[in-house]
Each structure stands twice: as structure tokens, then as C-alpha cells.
Amino acid sequence: MILAEKLLFDLVQTALTELYGLTSKNITFQKTRKEFEGDFTLVTFPFTKDTKKAPELVGKELGEWLLKNNTSISNYNVVKGFLNISLNDAFWLNYFNTVKTNTALGHKLASSSGKTIMLEYSSPNTNKPLHLGHVRNNLLGYSVAQILKANGHKVIKTNIINDRGIHICKSMLAWQKFGKGETPESTGMKGDHLVGKYYVEFDKAYKKQVAELVAKGETKDEAEKNAPLMHEAQEMLRQWEAGNAEVKNLWKTMNSWVYAGFDVTYKNLGVDFDKLYYESDTYILGKEAVQQGLEKGVFYKKENGSVAIDLSQEGLDEKIVLRADGTSVYITQDLGTAIERFKEFPDLQELIYTVGNEQDYHFKVLFKILEKLGYAWAKECSHLSYGMVELPEGKMKSREGTVVDADELLQEMFDTAEATTKELGKVEGFSEEELIELYRMVSLGALKYFILKVDPKKKMMFDPKESIDFNGHTGPFIQYTHARIKSVLRKAETLGMGTGANTDSLTTITPVEKEMVISLYDFAGVLEEAGKTHSPALIANYVYELTKLYNRFYHEYSILKEENQAIRNFRLQVSKACAQMLSNCMDLLGIKVPERM
RNA sequence: GGCACCAUAGUUCAAUGGAUAGAACGGAAGUUUCCUAAACUUCAGAUCUAGGUUCGAUUCCUAGUGGAGCCA
């Protein structure tokens with residue numbers, strides 16, 4: 001628990017015992033709403049039953065008791081069943097003085113009490129380039145990893161790459177047939193885009209064949225099954241599984257193009273991984289687990305020879321875990337890889353999968369099966385489920401060309417940032433490299449903030465034309481405020497005003513100054529909550545509120561021109577701490593902040 | 001057909017069961033001899049419908065409507 005709440009909690013508990021003989025009541029505080037005076041609010045309605053007194057009276061009696069028994073409490077007021085409590089300036093000044101020089105500001109460092117957590121995210125297919133949906137996944141995964149680290153945990157970031165299967169065979173086949181030996185070098189195309197081009201080519205040719213068969217009188221279903229291209233692709237997959245050297249070589253070549261392309265996109269997005277897994281290595285895993293499950297009686301063999309588990313007791317259905325022909329289904333290898341990972345990392349205490357919410361059911365089943373197989377760690381597995389990104393015209397469909405490509409999006413954002421920056425004309429003296437760095441920072445800041453400020457669980461709307469703004473509730477607004485503070489601090493330094501100067505003579509602060517200090521104080525609670533709920537949105541919304549507050553503070557008060565030295569030093573220190581906090585919070589979102597912009 | 005999810009200003013997003021539902025964009029009007037106007041200050045504007053639980057419901061429960069999804 002946190003300092004001020006802890007103090008109040010203990011006090012109120014003692015007060016309740018002394019005044020009413022009550023023990024072990026649930027006591028929680030909330031922040032006092034702006035329109036009322038006070039820092040923390042205790043709701044006294046719940047005490048009505050036990051005290052047999054009106055909520056107003058309980059509030060008044062508790063308030064009096066607190067005022068009499070603790071010198072940090074400066075005032076109280078009661079509105080209906082709400083007891084608003086104010087802590088005095090000395091308390092908040094004291095708090096600020098203890099944290100102002102701490103650059104970690106509320107972050108916990110990796111400690112023995114922290115857990116070891118594996119966080120899987122990104123997990124692309126290798127037949128096409130990354131799009132907007134992947135972008136949300138990547139940003140979310142990276143940010144949650146940052147937040148968990150700041151909560152004192154050790155995080156292993158992993159990416160499992162779906163490098164095998166019918167989808168990549170389609171690209172390979174189309175390239176063989178229509179590619180004329182094209183390579184990323186010969187075309188100047190990014191490798192993932194080149195491979196994606198042939199995935200689309202396959203689909204076009206396939207659709208044409210289907211249409212021809214339908215014209216000859218087949219039903220659509222028959223035609224889709226009978227189209228020669230589909231048979232060829234399936235044959236290629238069989239050849240791959242049989243280890244055909246030619247197929248394997250082509251597969252390696254085309255995948256290597258894709259990886260080179262992904263590396264560029266990942267680098268541009270600013271995400272990274274500690275360990276990569278490839279499905280070509282892991283897809284065979286899990287059969288052993290199925291065998292064990294059969295022996296334990298968790299699974300059963302069906303008449304047709306397939307293996308299944310009945311989860312109807314749990315409100316889920318029967319689930320096939322091995323096909324009649326002995327081949328795996330998705331969940332087979334997911335079982336295998338989970339088991340493998342806990343073997344590979346004996347310290348592992350938690351496993352988080354960052355995957356879209358269309359797989360909610362899949363993960364429910366997966367975790368339930370692991371539990372039934374007797375793995376105690378099954379309850380430490382969780383699905384970081386996020387909503388779809390929707391476009392104004394509806395869902396993205398790669399085959400219909402309605403996807404927003406990640407690379408194109410990043411480039412457009414960069415161009416907009418460049419144009420806006422030039423228009424504002426505040427970047428005199430920047431070198432060419434510094435300018436590019438700034439455009440990158442601002443454009444990525446805008447994109448990342450836009451995506452991360454939304455609750456991960458919810459679907460979000462993305463209008464490429466209108467979504468990315470640089471004003472208002474945006475990343476650049478926060479970046480701008482950081483740059484602005486840094487500018488003041490630079491000026492202070494040239495004027496010989498150190499931020500470390502003494503503020504001891506200061507005993508009172510203004511309401512907005514106090515709000516700033518309390519806002520900084522609030523961070524620790526927000527960080528903890530964000531860690532528990534895996535929600536970068538909480539950090540994003542917190543840092544936005546802090547930024548708005550600072551801008552109000554900045555407009556209302558002079559800093560450098562303030563003549564009272566103690567006040568001036570205090571305001572400089574608040575500014576410095578605020579800049580540090582903005583930078584720290586944005587770092588949790590994977591966003592960099594500039595010194596100037 | 002079964003399962004789980006979502007529904008808040010014109011639009012995009014907030015709100016551990018608490019007070020007069022917050023922001024941003026867009027709209028209307030203001031603030032630059034003053035530390036960066038990518039800023040600040042005003043104004044107008046919303047909880048899908050019907051029940052229920054509660055001192056109190058945007059939040060929990062039931063039904064309906066609408067949207068997107070998974071399984072078959």
C-alpha cells in the first residue's frame with residue numbers, strides 16, 4: 001500500500017474502533033473530486049448499519065477525530081455520505097522532497113519478490129507483411145513487458161514465428177509459377193512485401209480456377225476443393241513435411257526474405273525479443289502430452305481414431321487434440337510448447353500470450369487442458385486478449401486489399417510529422433540526423449499513443465485519414481510538454497539557477513502546485529494497477545492527465561521570473577520531476593521524448 | 001443453432017458500486033510586448049430499451065434490440 005492511504009487507513013481503523021467499537025471494516029479511499037475541497041475521500045454510507053448513525057454524522061465524528069489525532073491532517077468536510085480529508089502542505093512537501101531526486105520515480109527495480117514472466121507477442125505468419133492488427137499486438141506486447149519490468153518482474157519477451165503451413169506454401173507455389181526468379185534484390189522490394197505479393201497472386205489465380213470450375217457446373221464448395229492450385233499447394237506441404245530438399249530450400253529462401261523485412265519493421269516500431277521460436281521446430285511437440293493424457297484418462301480415443309477431451313462439465317465443448325490420421329491440430333502444439341517452456345525455464349512463474357480476442361475460446365480450452373493434465377502452473381498462464389482494429393469500411397481483409405500495411409503507415413506518419421514540424425518552424429539549429437530522429441520520435445509517438453491509450457480489451461476504430469492527430473490527447477502533446485520543460489530547465493541553468501537548490505524555507509504551496517505533487521504521488525498506484533491488469537491504457541491516461549495539469553501550472557505561474565527563491569526553486573524542481581515522470585511513463589509505452597521540438 | 005464479447009456527446013476514447021458522467025477532435029468565442037501557441041481559457045453537446053438488486057447502478061443480474069467474433 002501507498003504512503004498517504006496507509007496513513008489514513010491506519011488512522012480511520014483506530015478511529016472506528018475507538019468511536020464505535022468496530023473492527024475489520026473495509027476501508028478504501030478515493031481521490032476527492034475536483035469540485036470539492038480535500039485530497040482523499042472516505043465514503044461513510046457503508047458504516048450506517050453498524051454505527052446506527054446517519055452517514056453525515058459518522059463523517060463528522062470521524063473527521064473531528066482525525067483532525068485531533070494527527071497533525072498531518074489539515075482539514076475535513078462532509079457532504080452527504082462523503083468525508084473529504086485534506087493533508088497539509090507540509091506532508092506533501094515532505095513527500096516531494098523524498099522523491100524529487102529519484103529518477104526511477106515510482107518504478108520498482110527487479111527484485112527477489114518479482115516474478116519471472118514469459119510474454120509472447122507478435123507471432124506473425126511468414127506469408128505476408130505486417131499490418132495494423134500486428135502493430136497493435138506488437139505495441140501492446142512491448143509495453144506490457146515494460147510495465148511488468150517496472151513492477152519489479154523479470155520478463156522474457158518471446159516471438160513464435162509461424163513459418164510453416166499451407167499459407168507459406170501458397171506463396172512459394174505462386175512464386176514458382178509466376179515469379180520469374182524475382183528476388184528482393186532484383187525488384188528492390190522489401191522481402192516480406194515480395195512474398196506477400198505472391199500470396200495475393202496465388203489467391204487471384206486460385207479464384208480464377210474456382211470460377212472456371214463453377215462455370216462448368218460444379219458447386220462452389222466442390223470447386224474450391226478441386227481447384228488444381230489448391231491440390232498443388234497441399235502437395236507442396238506434404239513434400240515439405242517429407243523433407244523434400246527442393247521445397248525446403250525454396251522455403252528457407254523465401255522465409256529469409258521475410259525475416260529481413262520483418263527485422264526492418266520491428267526496428268522501425270522499436271520492439272524487440274529475447275527469444276525467437278519457430279513453428280517448424282515446435283509443430284511436432286505435443287504428441288507426447290497427448291499420449292500422457294490418454295494414459296491418465298484425461299483424453300479418450302474416439303471411434304474414428306482421433307483423440308479428444310470432453311470439457312462440457314466446464315461449459316466448453318468436446319475438443320479434438322489429435323486427428324484420426326495422427327496429425328496435430330493447433331492446440332496439440334500449443335500444449336507441447338507450453339510444457340516445453342516451463343521445462344526450458346525452471347524459474348518461470350507466469351506465461352502470457354498476446355493474441356487477438358478471436359482466440360479467446362482457444363486459450364480457455366488450452367489452459368483448461370493443461371490444468372487437467374495436472375500442471376500446477378496452468379493457472380499462471382494467461383491470454384492478453386485484445387480487440388480488433390477496425391477501419392471505417394469495416395474489418396481488414398488481406399485478400400481484399402483492405403489492410404493498412406505497417407510499413408506504409410509508418411512512412412505516412414513520418415511524412416506528416418515532417419510536414420507539421422516544418423510548418424511550425426521551431427527547429428533551427430537541428431542537424432539533418434537530428435531532424436530525422438525527431439520526425440521518427442513524433443510520428444511513432446503519435447501512432448503508439450493513439451493505439452495504447454485504448455483499453456486493450458476493447459476493439460478500436462482506426463481511420464487512417466483522421467486518426468492521427470498531433471494536437472489534444474496525443475503522444476506529441478506529451479512530447480511537446482516534455483520539450484517545453486526541458487527548455488525551461490536549460491534556461492534556468494544558463495541563468496545559474498540550479499534545480500538542486502534549497503527549498504527549506506517553503507512551508508506552503510498553492511493549490512495547483514499541490515495538485516502537481518499529488519499527481520506525481522499517484523503514479524505508483526497506477527503503475528501497480530497497470531501491471532496487474534496488463535493495461536498500458538492506464539499509464540497513457542495517467543500521463544495525459546499529468547501533462548494537462550503541468551500545462552495549466554505552466555500557464556498560471558512564472559517559474560524563472562518568480563522572485564522568491566524558495567518558490568522558484570520549488571517550481572523548477574516540480575518541473576524537473578514532471579519531465580522525468582513524462583519520460584518514464586512514455587518509456588513504459590515504448591515512446592521516446594525529445595529535448596526540443 | 002451453441003458459446004463468449006461489445007453498446008457512453010456529431011466522432012474517437014475515459015470513469016475500483018459513489019457526489020453535478022470526464023477528455024480530445026469537430027463547432028462557437030477568446031489568450032502571444034511574458035519561461036516553446038504541437039499550448040491555455042470559456043460555451044454548447046451523451047450513459048441502446050425494459051425490468052431487478054442497492055442508501056446509491058454507466059458499472060452487478062434478467063430479458064430484448066443492435067454490432068463484431070468463435071465453434072458447428
Side-chain angles (χ1 to χ4, degrees), chain A residues 26 28-36 38 41-49 54-55 78-82 84 311-312 314-320 356-365 385 387-388 390 392 394-395 417 420-421 423-427 442 445-446 450-451 453-455 457-463 466-492 494-495 497 525 529 532-533 537-538 540-542 544-545 547-548 550-562 568 571-572 575 594 596-597:
Chain A
N26 284 332
T28 49
F29 296 93
Q30 46 197 294
K31 294 202 69 185
T32 301
R33 293 181 65 111
K34 280 199 192 80
E35 56 268 39
F36 300 98
T41 295
L42 178 71
V43 182
T44 58
F45 287 109
F47 304 130
T48 312
K49 258 186 199 157
V78 180
V79 182
K80 291 186 269 181
F82 300 93
N84 301 319
L311 296 170
S312 52
E314 281 76 20
L316 306 166
D317 291 328
E318 179 184 79
K319 177 74 190 172
I320 304 282
N357 65 7
E358 73 268 22
Q359 305 238 29
D360 282 356
Y361 182 79
H362 173 82
F363 281 102
K364 250 188 225 172
V365 171
S385 164
M388 297 284 97
E390 287 177 12
K395 207 192 163 191
T420 309
T421 306
E423 208 175 296
L424 290 168
K426 295 192 213 172
V427 285
V442 173
F450 182 85
I451 288 175
K453 76 175 177 184
V454 182
D455 182 342
K457 290 194 290 299
K458 295 194 176 171
K459 67 176 176 359
M460 64 179 294
M461 175 61 71
F462 187 92
D463 185 340
E466 291 176 15
S467 286
I468 300 306
D469 213 325
F470 290 6
N471 302 314
H473 189 179
T474 66
F477 168 56
I478 297 159
Q479 292 173 318
Y480 168 75
T481 303
H482 179 266
R484 200 185 212 186
I485 297 172
K486 285 299 171 123
S487 171
V488 174
L489 295 176
R490 277 193 301 272
K491 207 152 276 187
T494 57
L495 293 171
M497 304 168 188
E529 189 64 21
K532 275 186 201 153
T533 58
L538 298 180
N541 288 317
Y542 165 80
Y544 173 63
E545 293 299 327
T547 303
K548 271 206 304 185
Y550 184 83
N551 278 307
R552 191 144 59 83
F553 166 85
Y554 179 91
H555 273 268
E556 259 176 64
Y557 303 120
S558 291
I559 300 169
L560 301 177
K561 293 206 167 95
E562 171 59 47
R568 188 180 69 211
R571 287 181 187 163
L572 276 169
S575 299
R596 283 182 62 193
M597 72 182 271

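Below, chain A is the first sequence line, B the second, and so on; all start at residue 1. Quick caveat, the model's predicted, so the values are computed rather than measured.
We find that CZ of A:Arg552 is positioned 21 Å from P of B:rU31, with the value rounded to whole Å. Separating the CG atom of A:Asp360 from the P atom of B:rG69 is a distance of 14 Å, rounded to the nearest angstrom. Whole-Å rounding puts the A:Phe462 CZ to B:rC25 P distance at 18 Å. Remark: C1' of B:rC70 and NZ of A:Lys459 are 16 Å apart, rounded to the nearest angstrom. Rounding to whole angstrom units, NZ of residue A:Lys486 and P of B:rU36 are separated by 14 Å. Between A:Asp317 atom CG and B:rC71 atom P there is a gap of 11 Å when expressed in whole angstrom units. Atom pair A:Glu562:CD and B:rC35:C1' shows a separation of 13 Å (rounding to whole Å applied). Distance CG (A:Asp455) to P (B:rU59): 17 Å, rounded to an integer number of Å.
Of all heavy-atom pairs between A:Lys453 and A:Ala537, the closest is O-CB, 3.5 Å.
Of the residues near RNA chain B, A:Tyr361 and A:Lys491, the one whose nearest nucleotide (by heavy atom distance) lies more toward the 5' end is A:Lys491. If you find the closest nucleotide of RNA chain B to A:Glu358 and to A:Lys31, the one lying nearer the 5' end belongs to A:Lys31.
For B:rU20, there is no paired nucleotide, since no Watson-Crick or G-U wobble pair has both relevant distances below 3.5 Å. When Watson-Crick and G-U wobble pairs are counted only if both distances are under 3.5 Å, B:rA15 pairs with no nucleotide at all. Under the Watson-Crick and G-U wobble criteria, each requiring two contacts below 3.5 Å, nucleotide B:rG1 is paired to B:rC71. Across every strand in view, B:rU41 sits in a pair with B:rA29 that passes the Watson-Crick or G-U test at under 3.5 angstrom. Pairing partner, B:rC35: none, since no Watson-Crick or wobble contact has both distances short of 3.5 Å. With a 3.5 Å ceiling on both atom-pair distances, the Watson-Crick or G-U wobble partner of B:rG66 is B:rC6. Base pairing of B:rU47 is not made with any nucleotide, judged by Watson-Crick or G-U wobble geometry with both donor-acceptor distances under 3.5 Å. Across every strand in view, B:rU53 sits unpaired, with no contact that passes the Watson-Crick or G-U test at under 3.5 angstrom.
No side-chain donor-acceptor contact under 3.5 Å links A:Tyr554 and A:Ser575. Using modelled atom types and a 3.5 Å distance limit, the side chains of A:Thr474 and A:Asp469 yield no donor-acceptor pair.
In this structure, A:Phe45 packs face-to-face on the six-membered ring of B:rG18, meeting both the 5.5 Å centre cutoff and the 30° plane limit.
Close placement of the A:Phe462 and A:Phe450 rings is indicated, their centers lying within 6.0 Å of each other.
Look at the C1' atom in both B:rC5 and B:rU11: the space between them is 23 Å, to the nearest Å. Nucleotides B:rC48 and B:rA9 place their C1' atoms 14 Å apart, quoted to the nearest Å. Comparing the same atom, C1', in B:rA37 and in B:rU32 gives a spacing of 7 Å after rounding to whole Å. With both ends at atom P, the span from B:rA15 to B:rU31 equals 36 Å, rounded to whole Å. Only the C1' atoms considered, B:rC6 is 29 Å distant from B:rA44, to the nearest whole Å.
Side-chain atoms of A:Asn551 stay outside donor-acceptor range of the base of B:rA37, with no qualifying N/O pair under 3.5 Å. At a cut-off of 3.5 angstrom, counting only N and O atoms as typed in the model, there is a donor on one side and an acceptor on the other between the side-chain of A:Thr41 and the base of B:rA19.
Heavy atoms of A:Ser575 sit nowhere under 4.0 angstrom from any nucleic acid atom. Counting any heavy atom pair closer than 4.0 Å across all strands shown, A:Met597 reaches a base atom. Within the nucleic acid shown, A:Val488 comes within 4.0 Å of sugar-phosphate atoms alone, with no base atom in reach, counting heavy atoms only.
Side-chain proximity of A:Tyr544 to the nucleotides B:rU36, B:rA23, B:rU20 is greatest for B:rA23. The side chain of A:Gln30 approaches B:rU16 more closely than any other nucleotide in the set B:rU36, B:rU16, B:rC13.
Looking at heavy atoms from C-beta onward, A:Leu424 lies out of side-chain contact with A:Phe470 at the 4.5 angstrom threshold.
Between A:Lys548 and the phosphate of B:rU41, there is no side-chain N or O to OP1/OP2 separation shorter than 4.0 Å. A sub-4.0 Å separation between OP1 or OP2 of B:rA14 and a side-chain N or O of A:Lys458 is present. Proximity of A:Arg33 to the phosphate of B:rA19: a side-chain N or O atom is located under 4.0 Å from OP1 or OP2. OP1 or OP2 of B:rA39 has at least one side-chain nitrogen or oxygen of A:Asn471 nearer than 4.0 Å.
In this structure B:rU8 sits in the anti conformation; its chi angle is more than 90° from 0.
The main-chain N or O of A:Asn84 is never found under 3.5 Å from a side-chain atom of A:Thr41 such that the two would form a donor-acceptor pair. Checking side-chain atoms of A:Arg596 against main-chain N and O of A:Ser487 turns up no donor-acceptor pair under 3.5 Å.
Aromatic ring orientation, A:Phe553 versus A:Tyr550: tilted (interplanar angle from 30° to 60°).
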